[in-house]
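What follows is a single structure, written as structure tokens, with notes after it.
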Amino acid sequence: MQLPDLKEARKRTNNKVDYIYENKKVEKVLSGKKYFLKTYGCQMNVHDSEEIAGRLERLGLTKTDNMEDSDVVILNTCAIRENAHDKMFGFLGRCKHLKETKKDLIIGICGCMAQEASVCEEIIKKHPFVNIVFGTHNINELEELLLKNDHKLDINVYSIEGNVYENIPYSRDSKKTAWVNIQYGCDKFCTYCIVPYTRGKQRSRKSQDIINEVKELVANGYLEVTLLGQNVNAYGKDLEDELSFPELLQSVSDTGIKRIFFVTSHPWDFTDELIDVIKNNDNIMPYVHLPLQSGNDHILKLMGRRYTKEEYLELVKKIKANIPNVCLTTDIIVGFPGETESEFADTLEVVEEVKYDSAFTFIYSPRVGTPAALMKDNVTLKEKEDRLQRLNTIVNKYALINNQKYQDKVVEVLVLGESEKDHDKVYGYTNTMKLVNVNAPKDVIGKIINVKITDCKSFSLDGVIIDK
Ligand code: 5AD
Ligand code: SF4
């Protein structure tokens, strides 16, 4: 058993990254078996789950949405979102129950929480019925781990990141919109954030591999890609003679894919060249997710964010001036250690000024092993909750105001499926990532259609199709 070690994860300068072009021959030795996959957390995790699904399907397993029906259960965990810990161990309770009647059930745990030694220790002590634990650096070992498992707990989590794998057998959820990783890990080390430890240092994929993947997606009928990374605009900085992010974006645009999104950008690496590339290419969508985290210079410094409130606002001004109708979204943390009421007021001021289309808002919570966890967390939970509520009220106000600008407008929507709430409708997204429920026949699913917006709410729009 190999437990991850955050201190090891920090000593990573000498760790060489190899680019491995997988061409394993995998037999469908588990045909007839079913898998149930539960995913928590961010887009990165969702896309990792598409890799896990692809690897399981290569072995012959088929997907089931009913856990009771499955032979393999995999839990892809998140270390950031609220209650991640409770949710995961709550879910394990259900798994234990199922295993009492299904002795051969294989239970696997992976993702960011698996990278935390304390979580592995808790599994060893309290949940030894788990079969496989693997981390974010070795998803590629899943097939072997599964086949060699002898129904005993087997922990295989590495502190230090491994290689960059190509030819990954993704089983994508959608046939029209695809996540495409452009880099793994993060080198920014914001003081509150566990990601540089759980996902390792930044490793960019080679641009040619990314472009080839997008070309193949286009050839297979995909209309949209979202380029994925913790810090996409730092793309290529870890490689010699590699394209910059704006150059990569231009090359992806040149493939002719209809719509390109990218997340997440760090304000620090957001250059004028990048703004120009977005402005000059119709297939790069006017959508920028630009985490603010705090609007106060002192807190930003403690967070290690490397920009000031003024610099951030200057950048937003430039983005808005150059990219017409841009949709701006953000991430904000309230109650960072030592945050005073007037420092929090600076955050509200930025939100009032930027008028974001939407925001993910978080109450600060310490992550063991990060520098901020050693700072005195002197903001009470009540104050944190109160700040979150006040922040959300303003965020929601602007979400509605921004959405109301769409009233009676005609917008293009990529239709992804039947609407969950109303089966007579379909749902999709605008080129600014707004969710729209549309009155339209089902045969438009998978197409980009023109929609006239008839009603605007804070979190979605309603519309009717005006042509096919
Ligand atoms: N506490 C609260 N929020 C956090 N985030 C990251 N780490 C923490 C933490 N320790 C938030 C940040 C980041 C988003 C993905 O999660 O806002 O951008
Ligand atoms: Fe975490 Fe900061 Fe990296 Fe984002 S940029 S993943 S917040 S360390």
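We count ligands from 1, going down the list as the structure has it; atoms in each ligand are counted the same way. All residue numbers in this chain count up from 1 along the given sequence.
Summarising the geometry of Gly335 relative to Lys384, their closest heavy-atom pair is O-CE, 3.3 Å, with the distance given to 0.1 Å. Closest approach of Cys186 and Val195 over heavy atoms only: CB-CG1, 4.3 Å. Between Pro337 and Met375, the shortest heavy-atom distance links the atoms CB-CB, 3.8 Å.
At least one heavy atom of Arg305 sits less than 4.0 Å from an atom of ligand 2.
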Please table the atom pairs, donor to acceptor, closer than 3.5 Å between any side-chain atom in residues 116-124 and protein atoms at least two apart or in another chain.
| residue | atom | partner | partner atom | Å |
| --- | --- | --- | --- | --- |
| Glu122 | OE1 | His85 | NE2 | 3.0 |

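Checked against the 6.0 Å centroid threshold, Tyr197 and Phe189 count as a close aromatic pair. Residues Tyr19 and Tyr165 place their aromatic rings such that the two centres sit no closer than 6.0 Å. Taking the six-membered ring for Trp, His127 and Phe89 have ring centres closer than 6.0 Å. Proximity of the aromatic rings of His137 and Tyr184 is defined here by a centroid distance below 6.0 angstrom, and this criterion is not met.
Below 4.0 Å from some heavy atom of Tyr192 lie the following atoms of ligand 2, by number and element: 7 (S).
Each protein N, O or S atom less than 2.8 Å from atom 3 (Fe) of ligand 2 was counted, giving 1.
Ring geometry for Phe336 versus Tyr192: interplanar angle over 60°, hence perpendicular rather than tilted (30 to 60°).
Looking at residues two or more places apart in sequence or on another chain, you find a salt bridge (charged side-chain N to carboxylate O under 4.0 Å, His left out) between Glu339 and Arg387.
Near ligand 1, residues Ile80, Tyr192, Gln293, Asp331, Ile333, Phe362, Ile363, Tyr364, Ser365, Arg367 come within 4.0 angstrom through at least one heavy atom.
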